[in-house]
Amino acid sequence: MIRFSREVAQYVTEHRWHASQELTHLKDGSLRAEFDLSSLEEVKSWVLSFGAKAVVEEPEELRQEIQAEIERMTSRYDTDNAMEQRP
């Protein structure tokens with residue numbers, strides 16, 4: 001389950017992202033999207049593409065994977081480590 005901010009709710013609504021998607025508009029203008037997926041990999045990059053405008057509510061495994069990726073990204077921009085971690 002992914003919650004999208006109201007800034008991107010309309011955009012998400014206008015597209016068919018997956019055959020199993022179920023979208024629920026919430027009172028605050030945000031949008032909750034639910035999917036029945038065989039793999040978390042197929043949604044991970046997609047969620048990350050929305051930046052802070054998307055939050056994984058569940059499953060916990062995907063939440064943790066997203067959080068770990070964000071931490072890796074943050075460390076790449078850490079001034080003290082930036083030069084050491086460049087590809």
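All figures in this text were calculated on a predicted structure; none of them were measured in a lab.
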Enquirer: Given the rule that I, L, V, M, F, W and Y join up when any side-chain heavy atoms are under 4.5 Å apart, are Val55 and Tyr11 in one cluster?
Expert: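 Shared cluster, no.
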
Enquirer: About how many Å separate CG of Leu40 and CD of Glu61, when rounded to the nearest 0.5 Å?
Expert: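 These two atoms lie 5.0 Å from each other.
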
Enquirer: Measuring from atom CZ of Arg76 to atom CD of Glu71, what distance do you get when rounded to the nearest 0.5 angstrom?
Expert: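 Separation between the atoms: 15.0 Å.
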
Enquirer: Calculate, to the nearest 0.5 Å, the distance between atoms OG and CD belonging to Ser45 and Glu69 respectively.
Expert: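 That separation rounds to 7.5 Å.
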
Enquirer: With no hydrogens and no angle check, do the side chains of Glu7 and Ser5 hold a donor and an acceptor under 3.5 Å apart?
Expert: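 Ser5 and Glu7 do have a side-chain donor-acceptor pair below 3.5 Å.
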
Enquirer: Check this for me: Lys53, atom NZ, are more than 12 non-hydrogen atoms of other residues, nucleotides or ligands nearer than 6.0 Å?
Expert: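 No, the 6.0 Å shell around NZ holds no more than 12 heavy atoms from other groups.
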
Enquirer: Between CD1 of Ile70 and CZ of Arg72, what distance do you get to the nearest 0.5 Å?
Expert: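 CZ of Arg72 is found 10.0 Å from CD1 of Ile70.
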
Enquirer: Just how far is it from atom CD of Glu57 to atom CZ of Arg63, taken to the nearest 0.5 Å?
Expert: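 So the gap between those two atoms works out to 8.0 Å.
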
Enquirer: Between Ile2 and Val12, does the side-chain contact (heavy atoms from CB on, under 4.5 Å) criterion hold? Intermediate values first, please.
Expert: CA-CA 11 Å; Ile2 303 157; Val12 174; over 6 Å; no

Enquirer: Which atom names give the shortest non-hydrogen contact between Leu23 and Thr13, and what distance separates them?
Expert: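 Of all heavy-atom pairs spanning Leu23 and Thr13, the closest is CD1-CA, 3.9 Å.
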
Enquirer: Indicate the atoms forming the closest heavy-atom contact of Asp36 with His18, along with that distance.
Expert: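 Answer, listing the atom of Asp36 first, then His18: O-CE1, 3.5 Å.
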
Enquirer: To the nearest 0.5 Å, tell me how far Arg3 CZ sits from Thr24 OG1.
Expert: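 Those atoms lie 11.0 Å apart.
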
Enquirer: Counting distance only, does the side-chain N/O of Arg16 pair as donor-acceptor with the main-chain N or O of Ala19 below 3.5 Å?
Expert: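 Yes; at least one donor-acceptor contact below 3.5 Å.
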
Enquirer: Does a sphere of radius 6.0 Å around CG in Asp28 hold more than 12 heavy atoms from other residues, nucleotides or ligands, not counting ones at 6.0 Å or beyond?
Expert: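 More than 12 heavy atoms, drawn from other residues, nucleotides or ligands, come within 6.0 Å of this atom.
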
Enquirer: Can you label the angle between the Trp17 ring and the Phe50 ring as parallel, tilted or perpendicular, going by 30° and 60°?
Expert: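 If you compare the ring of Trp17 with that of Phe50, the planes turn out perpendicular.
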
Enquirer: Could you state whether Phe35 and Met1 fall into the same hydrophobic cluster, counting links through intermediate Ile, Leu, Val, Met, Phe, Trp or Tyr residues with side-chain heavy atoms under 4.5 angstrom apart?
Expert: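 Different clusters.
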
Enquirer: Could you tell me whether a side-chain N or O of Ser30 sits under 3.5 Å from a main-chain N or O of Leu26, the two making a donor and an acceptor?
Expert: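 It does not hold such a pair.
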
